[in-house]
Student: 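I have a structure I would like to understand better, so I am pasting it below and will then ask my questions one at a time.
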Amino acid sequence: MPITISTKNSLVIRSTCLFWLIAKIICWRLWLSDRLFPVVPPFHFLSLPSPFHWALFVSSFALLTLVFFFPANKKLIVALVITETASCLLDQNRWQPWEYQYIFMLLVFIINFKDDLKITTGITFIFISTYFFSGLGKINPVFLQVVWQQMVLFQLLHQPHAILYNWPVAHAGYAMGILEITFGICLFFNRTRKIAASLLIAMHIVIIYLFGPIGLNYDKVVWPWNVAMICYLYILFIKKDIYPISFKSLTYRWNKLLLLCWGILPILSFWGYWDYFLSSSLFSSRIPNMLICVHKTGSATALEHYFEKSKTNKALCDSNSHLILVKFWAFEEMEIPSYSQPRVFKGIKYELVKRYPDMEADFYISTYENGKRKIELIK
């Protein structure tokens, strides 16, 4: 018996709630303000005390559970989207790519409630955008050096550095981005949709192996997201019948918001006019990072736990100073990367200076231009 499109959509909602819950459990400190890593709201008036963060966190768990059991209840889905949006407005570090995707997926169900064709079209467009811009972001020399060569060839496969003299192997990382773009575009066409979904599932399995516990054991919060993507691809494009998609519906009323946020604004991220994490910049290594040189700890003794121990990364600081890599501080404390935008880095500096007035430190932003590292002081 063929599975109906309505049943498929219910399965998508349930999968979203399940893996969203798992992600929130993994990075639970992210959703609270009782932590060392600074909370950075987009506006100062949104700096609210701890009980507000707790209330939204508990409400989110309750609503995710309820929507899992009642996926056709529009009021519950609306309440969940409102709760998640409110929580994200209290801290920009919560604007993770998977959080952004999950919110928009539920938004698709709200604005197209009971219109199964428009729902499937909206979800498919989000997937196409994710794979297209994720792949496009990987076609850069920094991804080649950091992810392909350092993480894959050296750390995971334990290849000797001499392998870099093998030009095809050393540059094969570019194929990862090209293939991801190709598979994403193929989701657009009825004839290629099923084979593209199968290849993307294989890609996600490789990613889970690469970053999972038997691989690099890195970025744990993306593990359930990759499993969720496998479920989505199977449910929508492989399981039994494949239903037609009408991309004209993206111009229908509020669906234009999808076209704007997933089709147009991500293009601007390549010139720095839209956020990287909201543009599916996944493991592209082109995003900026924040570095802190602590010259005098003062009352900030709690930060000593996050001082960089590797000597290879201390060139920025003198011998009497200590380096904090903010990205890895966020990973260690909250299991997520810090939100990599200059305005957030300035907010982190503001909060740390306010919290530890006797600490002496310099704050830097590290970026890459044409494959070369550039470091600027945050003033």
Student: For residues Pro41 and Gln92, report the shortest heavy-atom separation together with the two atoms involved.
Tutor: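 Smallest heavy-atom distance, with atoms named: O-NE2, 3.3 Å.
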Student: Look at Glu84 together with Lys24 and state whether they make a salt bridge at an N to O cut-off of under 4.0 Å.
Tutor: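 Looking at Glu84 and Lys24, the cut-off is met.
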Student: Can the positive tip of Lys138 be found less than 6.0 Å from the middle of the six-membered ring of Tyr174, inside 45° of the ring normal?
Tutor: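 No cation-pi geometry.
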Student: Taking atom types as modelled, find out whether Glu333 and His305 have a side-chain donor-acceptor pair closer than 3.5 angstrom.
Tutor: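 No - no donor-acceptor pair under 3.5 Å links their side chains.
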Student: Is a side-chain N or O of Asn112 found less than 3.5 angstrom from the main chain of Asp115, in a donor-acceptor match?
Tutor: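 Pair absent, no side-chain N/O of Asn112 close to backbone of Asp115.
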Student: Using a strict cut-off of less than 4.0 Å between a Lys/Arg side-chain nitrogen and an Asp/Glu carboxylate oxygen, indicate whether Asp362 and Lys349 qualify as a salt bridge.
Tutor: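 So Asp362 does not pair with Lys349 through a salt bridge.
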Student: Hey, what do you get for CG (Leu200) to CD1 (Ile238), rounding to the nearest 0.5 Å?
Tutor: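 Output value for this atom pair is 9.0 Å.
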Student: I'd like to check Pro38 versus Leu352 (side-chain heavy atoms, cut-off strictly below 4.5 Å). Are they in contact?
Tutor: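 With C-beta onward as the side chain, the pair touches.
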Student: Going only through I, L, V, M, F, W and Y residues with side-chain contacts under 4.5 Å, is there a path from Leu179 to Ile185?
Tutor: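 Both belong to a single hydrophobic cluster.
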Student: Donor-acceptor pair, distance only, cut-off 3.5 Å: does the side chain of Trp98 make one with the backbone of Trp20?
Tutor: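 Pair absent, no side-chain N/O of Trp98 close to backbone of Trp20.
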Student: Which one of Trp225, Tyr131, Tyr276 satisfies the side-chain contact (heavy atoms from CB on, under 4.5 Å) criterion with Leu282?
Tutor: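 It is Trp225; the other options fail the test.
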Student: Specify the closest pair of heavy atoms between Phe19 and Pro224, including all atoms of both residues, with the distance to one decimal.
Tutor: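 Taking Phe19 first and Pro224 second, the nearest heavy atoms are CD2-O, 3.5 Å.
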Student: Look only at the side chain of Arg193 and the backbone of Cys186, and say whether a donor-acceptor pair between them is shorter than 3.5 Å.
Tutor: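 It does not hold such a pair.
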Student: Any side-chain heavy atom of Phe127 sitting closer than 4.5 Å to one from Gln101?
Tutor: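 Touching, per the 4.5 Å side-chain cut-off.
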Student: What verdict does the side-chain contact (heavy atoms from CB on, under 4.5 Å) test give for Phe363 and Val353, after you've listed the backbone C-alpha separation in whole Å, the side-chain angles of each residue and the deciding distance to 0.1 Å?
Tutor: CA-CA 10 Å; Phe363 301 82; Val353 170; 4.2 Å; yes
Student: Is any side-chain heavy atom of Val326 closer than 4.5 Å to one of Asn289?
Tutor: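 Contact flag for Asn289/Val326 side chains = no.
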Student: Report yes if the side chains of His53 and Leu90 come closer than 4.5 Å at any heavy-atom pair, otherwise no.
Tutor: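 Yes; the side chains approach each other to less than 4.5 Å.
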Student: For a 4.5 angstrom cut-off between non-hydrogen side-chain atoms, does Val294 reach Phe307?
Tutor: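 Result yes, sub-4.5 Å side-chain heavy-atom pair found.
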Student: The test is side chain to side chain donor-acceptor pair (under 3.5 Å); show your working for Tyr356 and Thr297 and say whether it passes.
Tutor: CA-CA 9 Å; Tyr356 308 114; Thr297 306; over 6 Å; no
Student: Specify the closest pair of heavy atoms between Lys346 and Ile378, including all atoms of both residues, with the distance to one decimal.
Tutor: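 Shortest heavy-atom separation between Lys346 and Ile378 comes out as CG-CG2, 3.8 Å.
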Student: Quick one: CG on Leu63 to CG on Asn73, what's the gap to the nearest 0.5 Å?
Tutor: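 Result: 10.0 Å between the selected atoms.
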Student: Quick one: pull up OG in Ser340 and CE in Met290 and give me the separation to the nearest 0.5 Å.
Tutor: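 Answer rounded to 0.5 Å: 11.0 Å.
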Student: Any side-chain heavy atom of His322 sitting closer than 4.5 Å to one from Cys317?
Tutor: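 No, too far: nothing below the 4.5 Å cut-off.
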Student: Treating Ile, Leu, Val, Met, Phe, Trp and Tyr as nodes and any side-chain heavy-atom pair under 4.5 angstrom as an edge, say whether Val39 and Ile348 lie in one connected cluster.
Tutor: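 They do not share one cluster, since no chain of ILVMFWY contacts under 4.5 Å joins Val39 to Ile348.
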Student: First locate atom CD1 of Ile119, then atom CG of Asn9, and finally report the distance between them rounded to the nearest 0.5 Å.
Tutor: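 The CG atom of Asn9 is 5.0 Å from CD1 of Ile119, to the nearest 0.5 Å.
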Student: Examine distances only and state if a side-chain atom of Lys296 and a backbone atom of Glu360 form a donor-acceptor pair shorter than 3.5 Å.
Tutor: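 Not a single qualifying donor-acceptor pair exists.
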Student: Verify side-chain contact (heavy atoms from CB on, under 4.5 Å) between Met359 and Leu303, making sure each step is shown before the conclusion.
Tutor: CA-CA 10 Å; Met359 179 182 72; Leu303 296 181; 3.8 Å; yes
Student: Measure from the side-chain N and O atoms of Thr120 to the backbone N and O of Leu117, and report whether any donor-acceptor pair falls under 3.5 Å.
Tutor: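 No; judged by distance alone, with no hydrogens or angles, the pair does not exist.
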Student: Can you confirm if the aromatic rings of Trp262 and Phe125 lie within a centre distance of less than 6.0 Å?
Tutor: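 Ring-ring flag for Phe125/Trp262: false, centres at least 6.0 Å apart.
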Student: Is the ring pair His161/Phe154 parallel, tilted or perpendicular, if the boundaries are 30 and 60 degrees?
Tutor: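 Plane angle under 30°, so parallel.
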Student: State, with a plain yes or no, whether a side-chain heavy atom of Met203 is found less than 4.5 Å away from one of Glu180.
Tutor: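 Met203 vs Glu180: side chains touch.
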Student: Does one side chain, of Gln341 or Trp95, offer a donor that lies under 3.5 Å from an acceptor on the other?
Tutor: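 Distance-only check fails for Gln341 and Trp95.
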Student: Check whether Arg14 reaches the backbone of Pro71 with its side chain - one donor and one acceptor, N or O, closer than 3.5 Å.
Tutor: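 Between the backbone of Pro71 and the side chain of Arg14 there is no qualifying donor-acceptor contact (under 3.5 Å).
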Student: Does any N or O in the side chain of Arg355 come within less than 3.5 Å of the main-chain N or O of Leu36, such that one atom is a donor and the other an acceptor?
Tutor: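 Yes, because the side chain of Arg355 sits within donor-acceptor range (under 3.5 Å) of the backbone of Leu36.
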Student: Tell me whether Arg35 contacts the main-chain N or O of Leu30 through its side chain, where contact means a donor paired with an acceptor under 3.5 Å.
Tutor: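 Checked: pair present.
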Student: With a 6.0 Å cut-off on ring centres, are Phe113 and Phe109 close enough?
Tutor: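 Ring-ring flag for Phe113/Phe109: false, centres at least 6.0 Å apart.
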Student: Can you hop from Leu89 to Phe57 via hydrophobic side chains spaced under 4.5 Å?
Tutor: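 As far as the 4.5 Å side-chain criterion goes, Phe57 and Leu89 are not connected within one cluster.
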Student: Linking I/L/V/M/F/W/Y whenever their side-chain heavy atoms sit closer than 4.5 Å, directly or via other members, would Tyr252 and Leu107 fall into one cluster?
Tutor: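 No, separate clusters.
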Student: Which pair of heavy atoms, one from Ser279 and one from Phe133, lies closest together, and at what distance?
Tutor: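 Minimum heavy-atom separation between Ser279 and Phe133: O-CB, 3.5 Å.
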Student: Could you walk me through whether Ser15 and Tyr232 satisfy the side-chain contact (heavy atoms from CB on, under 4.5 Å) test, starting with their C-alpha distance in whole Å, then the side-chain angles of each, then the deciding distance to 0.1 Å, before giving a yes or no?
Tutor: CA-CA 8 Å; Ser15 298; Tyr232 297 146; 3.9 Å; yes
Student: Is the backbone N or O of Asn93 less than 3.5 Å from a side-chain atom of Gln96, with the two atoms forming a donor-acceptor pair by type?
Tutor: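 Yes, because the side chain of Gln96 sits within donor-acceptor range (under 3.5 Å) of the backbone of Asn93.
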Student: Walk me through whether Tyr209 and Leu156 qualify under side-chain contact (heavy atoms from CB on, under 4.5 Å).
Tutor: CA-CA 10 Å; Tyr209 167 74; Leu156 182 66; 4.1 Å; yes
Student: Just checking, is any N or O donor in the side chain of Ser50 or Asp34 under 3.5 Å from an acceptor N or O on the other one?
Tutor: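 Yes, side-chain donor-acceptor contact under 3.5 Å.
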Student: Do Tyr339 and Asp91 have a side chain donor and acceptor closer than 3.5 Å?
Tutor: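 There is no such pair (donor and acceptor under 3.5 Å, judged by atom type) between the side chains of Tyr339 and Asp91.
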Student: Given Phe37, which partner from the list Trp329, Phe328, Phe331, Tyr306 fulfils the ring pair (Phe, Tyr, Trp, His ring centres under 6.0 Å) test?
Tutor: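 Option passing the ring pair (Phe, Tyr, Trp, His ring centres under 6.0 Å) with Phe37: Trp329.
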Student: When rounded to the nearest 0.5 angstrom, what distance separates OH in Tyr100 from CZ in Phe277?
Tutor: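 These two atoms lie 13.5 Å from each other.
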Student: Give the minimum heavy-atom separation between Gly184 and Ile128, together with the two atoms involved.
Tutor: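 It is O-CG1, 3.5 Å.
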Student: Any donor-acceptor pair under 3.5 Å linking the side-chain atoms of Asp318 with those of Asn320?
Tutor: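 No, no side-chain donor-acceptor contact under 3.5 Å.
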Student: CG/Leu265 to CG/Leu257 distance, rounded to the nearest 0.5 angstrom?
Tutor: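 Reported to 0.5 Å precision, the distance equals 9.0 Å.
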Student: Is there a side-chain contact between Tyr102 and Leu106, using heavy atoms and a 4.5 Å cut-off?
Tutor: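 Side chain of Tyr102 against side chain of Leu106, heavy atoms only: no contact under 4.5 Å found.
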Student: Answer with yes or no whether the hydrophobic clustering places Val206 together with Ile214; edges join I, L, V, M, F, W, Y residues whose side-chain heavy atoms lie under 4.5 Å apart.
Tutor: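 As far as the 4.5 Å side-chain criterion goes, Ile214 and Val206 are not connected within one cluster.
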Student: Just by distance, do the side chain of Ser129 and the backbone of Ile126 share a donor-acceptor pair under 3.5 Å?
Tutor: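 No.
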Student: Shortest non-hydrogen contact from Leu56 to Thr83?
Tutor: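 Shortest heavy-atom contact: O-CG2, 3.7 Å.
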